[in-house]
Amino acid sequence: MKWQSNARFVCAVIILLCATLLLGARSKTELIAPHRPLAQFPRQLGNWLGNDVSMDKETLDVLGPGDFLLRVYDDEKNVLPPVDLFVAYFPSQRAGDTIHSPKHCLPGAGWHPVESGRVVLSFPGRRPFMANRYVIARGEDRDLVLYWYQAHDRAIASEYWAKFYLIADAIRMNRSDGSLVRLTTPIIRHERADDAQARIGSVAAQVVPLLDQYVPR
């Protein structure tokens with residue numbers, strides 16, 4: 001309903017304004033947590049081998065100050081379609097430096113969602129958490145995308161809750177760092193989206209236990 005959309009918009013604006021005021025006020029004394037550079041993230045994850053993809057200056061300018069990893073992982077036996085891993089870590093999210101949601105960026109690259117929802121992901125060493133699940137299309141191509149926001153040992157799907165915790169953690173910990181984790185794989189002909197999700201899951205199971213080294217708790 002229209003009023004519900006307006007209410008969500010107003011809430012989002014209020015949260016962003018509060019975040020801007022609070023983070024701006026505390027930026028001089030903000031704590032920056034140490035972390036390993038994403039460039040050191042392992043290139044081999046089980047049976048998957050990764051190759052980095054360079055990001056152009058225009059994209060980096062849009063993303064803003066941060067540490068970024070864009071890597072394509074290929075099946076060692078060269079049988080399965082690849083899985084792309086994108087991690088964006090922002091040591092500080094002061095005004096103008098906040099995380100960009102994929103649902104806003106993908107249409108700009110020519111992709112449009114044909115199916116959206118959320119799934120529960122569960123991996124050893126971490127509490128189960130919700131992730132966003134999108135089937136996107138561009139021409140005849142279809143991809144499956146899973147993404148979530150992660151900060152301070154917390155992984156969540158909701159963009160609004162990510163903003164809420166940004167404010168809460170700034171108050172509680174004097175930190176505003178956070179990250180976006182996104183995995184993408186092509187949905188090949190005659191393949192179900194659930195099959196593509198299982199493929200992403202096999203890579204995510206290797207990625208998630210390592211993230212705390214690069215996205216500090």
Side-chain angles (χ1 to χ4, degrees), residues 35-90 99-116 119 121 123-124 126 129 131-150 155 157 178-215:
H35 71 287
R36 295 181 64 180
L38 285 168
Q40 296 179 8
F41 200 85
R43 293 180 180 274
Q44 179 151 10
L45 300 173
N47 295 324
W48 297 87
L49 297 174
N51 289 292
D52 288 341
V53 177
S54 60
M55 303 175 67
D56 59 68
K57 184 178 183 302
E58 182 179 355
T59 300
L60 293 172
D61 288 344
V62 171
L63 289 170
D67 188 10
F68 309 106
L69 173 69
L70 179 57
R71 185 173 291 166
V72 178
Y73 281 92
D74 291 298
D75 171 31
E76 201 170 35
K77 297 180 180 178
N78 202 28
V79 173
L80 300 173
V83 175
D84 296 0
L85 171 65
F86 173 68
V87 182
Y89 174 69
F90 296 86
I99 298 171
H100 296 265
S101 170
K103 69 181 180 181
H104 302 310
C105 300
L106 290 170
W111 294 92
H112 65 274
V114 295
E115 180 184 318
S116 64
V119 294
L121 300 181
F123 304 108
R126 177 171 289 279
F129 61 92
N132 298 288
R133 181 185 189 269
Y134 276 75
V135 176
I136 57 176
R138 184 171 63 183
E140 296 183 356
D141 297 329
R142 290 193 308 154
D143 280 7
L144 179 72
V145 181
L146 297 186
Y147 74 89
W148 64 91
Y149 302 95
Q150 185 160 328
S179 69
L180 169 76
V181 183
R182 186 190 72 202
L183 295 109
T184 308
T185 192
I187 302 176
I188 60 177
R189 190 175 182 183
H190 303 311
E191 183 180 41
R192 300 178 307 156
D194 286 348
D195 297 327
Q197 182 177 321
R199 182 164 59 253
I200 285 182
S202 68
V203 175
Q206 305 287 331
V207 169
V208 170
L210 300 171
L211 284 175
D212 284 341
Q213 301 176 46
Y214 306 87
V215 181

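Residue numbers start at 1 and run along the sequence shown.
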Given M55 and L63, is the side-chain contact (heavy atoms from CB on, under 4.5 Å) satisfied, shown in steps? CA-CA 11 Å; M55 303 175 67; L63 289 170; 3.4 Å; yes
For [X], all residues meeting side-chain contact (heavy atoms from CB on, under 4.5 Å), sequence neighbours excluded:
| X | result |
| --- | --- |
| N51 | D74 |
| N47 | E76 |
| A193 | R133, V135, I187 |

Shortest non-hydrogen contact from [X] toward [Y]:
| X | Y | result |
| --- | --- | --- |
| L180 | P102 | CD2-CG, 3.8 Å |
| P124 | P209 | O-CG, 4.2 Å |
| P42 | L210 | CG-CD1, 3.8 Å |
| P186 | P82 | CD-O, 3.3 Å |

Please lay out, stage by stage, how R199 and D195 fare under the test salt bridge (Lys or Arg N to Asp or Glu O under 4.0 Å). CA-CA 6 Å; R199 182 164 59 253; D195 297 327; over 6 Å; no
Atom pair [atom1] ([X]) and [atom2] ([Y]), whose distance is rounded to the nearest 0.5 Å:
| X | Y | atom1 | atom2 | result |
| --- | --- | --- | --- | --- |
| L146 | L121 | CG | CG | 6.0 Å |
| N132 | R182 | CG | CZ | 12.5 Å |
| L69 | L38 | CG | CG | 5.5 Å |
| Y147 | T184 | OH | OG1 | 11.0 Å |

Q40: which residues meet the side chain to side chain donor-acceptor pair (under 3.5 Å) condition with it, sequence neighbours left out?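 Per chain and number, Q40 pairs via side chain to side chain donor-acceptor pair (under 3.5 Å) with R36.
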Who are the side chain to side chain donor-acceptor pair (under 3.5 Å) partners of S116, not counting sequence neighbours?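 Partners of S116 under the side chain to side chain donor-acceptor pair (under 3.5 Å) test: none.
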Return yes if some donor-acceptor pair links the side-chain N/O of [X] with the main-chain N/O of [Y] below 3.5 Å, else return no.
| X | Y | value |
| --- | --- | --- |
| S179 | Q150 | yes |
| D67 | Y89 | no |
| H112 | A137 | yes |

So, using ring pair (Phe, Tyr, Trp, His ring centres under 6.0 Å) as the criterion, who are the partners of Y149 when residues are at least two apart?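 With neighbours one apart ignored, the set is empty.
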Side chain to side chain donor-acceptor pair (under 3.5 Å): pairs with one or both residues in residues 134-143, sequence neighbours excluded: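 Side chain to side chain donor-acceptor pair (under 3.5 Å) check on residues 134-143 returns no pairs.
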Partners meeting salt bridge (Lys or Arg N to Asp or Glu O under 4.0 Å) with [X] (sequence neighbours left out):
| X | value |
| --- | --- |
| D212 | R126, R217 |
| R189 | none |
| D52 | R43, R71 |
| K77 | none |

Can you confirm whether N78 is buried at CG, in the sense that more than 12 heavy atoms of other residues, nucleotides or ligands lie under 6.0 Å from that atom?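 No, the 6.0 Å shell around CG holds no more than 12 heavy atoms from other groups.
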Are the side chains of V208 and W148 in contact, using a 4.5 Å heavy-atom criterion?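 Contact flag for W148/V208 side chains = yes.
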Can you find a pair of side-chain heavy atoms, one from L85 and one from V203, that are under 4.5 Å apart?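 Heavy-atom side-chain distance check fails, nothing below 4.5 Å.
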Pairwise ring pair (Phe, Tyr, Trp, His ring centres under 6.0 Å) hits with a residue in residues 38-68, at least two apart: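 Sorted result for residues 38-68: F41-Y214, F68-F90.
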